[in-house]
Amino acid sequence: MSARLASGIWVSAYLRRLQIDGIPAYVIARGDDTAGAVLVKLALMDGTARAYQRGFDLNSGARIWQVLVEGPEAVVDGAIARQRSFDPDLWVIEVEDARGRILLDEME
């Protein structure tokens, strides 16, 4: 089992990485600094969005980012609100990029 980075540190590093590439990102909901899960919303600037959550690849056991929900931004926002209603420690980061860049694959 590998050591996990504290959520607050991971979020800070992720925001900085996005900033380096000029990709706007914002903390929409601050979760638990130590062990809060992180949800990343990608707003595609055309009225649609995707929300990503961390999961596991059952075949390899690797941690991966997977799409939780996608579609009209209002639908994605509703799904995020439902997640927050039963997980108050959840971090929500909103990334705004019409090209769909989220750079999550660089944040392993």
Discussion item. Quick test of your reading of the model: are K41 and D77 salt-bridged, counting only N-O distances below 4.0 Å?
Written reply: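 A salt bridge links K41 with D77.
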
Fill in: pair I9-S12: side-chain heavy atoms closer than 4.5 Å
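The answer is no, as the side chains (C-beta and beyond) never meet within the 4.5 Å cut-off.
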
Fill in: Minimum side-chain heavy-atom gap L103-D21 below 4.5 Å
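Side chain of L103 against side chain of D21, heavy atoms only: contact under 4.5 Å found.
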
Path from [X] to [Y] over hydrophobic side-chain contacts below 4.5 Å:
| X | Y | result |
| --- | --- | --- |
| L90 | W10 | no |
| Y26 | V76 | yes |
| Y14 | V27 | yes |
| L68 | V40 | no |
| I102 | V67 | yes |

Can you tell me how far apart [atom1] ([X]) and [atom2] ([Y]) are? Round to the nearest 0.5 Å.
| X | Y | atom1 | atom2 | answer |
| --- | --- | --- | --- | --- |
| E70 | T48 | CD | OG1 | 8.5 Å |
| E96 | E94 | CD | CD | 5.0 Å |
| I23 | L15 | CD1 | CG | 11.5 Å |
| D89 | R30 | CG | CZ | 12.0 Å |
| R50 | L42 | CZ | CG | 5.5 Å |
| Y52 | I64 | OH | CD1 | 12.0 Å |

Distance-only, no hydrogens or angles: does the [X] side chain make a donor-acceptor pair with backbone N or O of [Y] under 3.5 Å?
| X | Y | value |
| --- | --- | --- |
| R82 | G78 | yes |
| D97 | R101 | yes |
| W65 | G55 | no |

Any idea which heavy atoms bring [X] and [Y] closest together, and the distance?
| X | Y | answer |
| --- | --- | --- |
| G100 | L44 | CA-CD2, 3.6 Å |
| A49 | A43 | CB-CA, 4.2 Å |
| S7 | A35 | OG-C, 3.5 Å |
| I80 | L39 | CG1-CD2, 3.7 Å |
| A98 | M45 | N-CG, 3.9 Å |

Worksheet item: By side chain to side chain donor-acceptor pair (under 3.5 Å), which residues pair with R99, not counting sequence neighbours?
Response: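 R99 satisfies side chain to side chain donor-acceptor pair (under 3.5 Å) with no other residue.
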
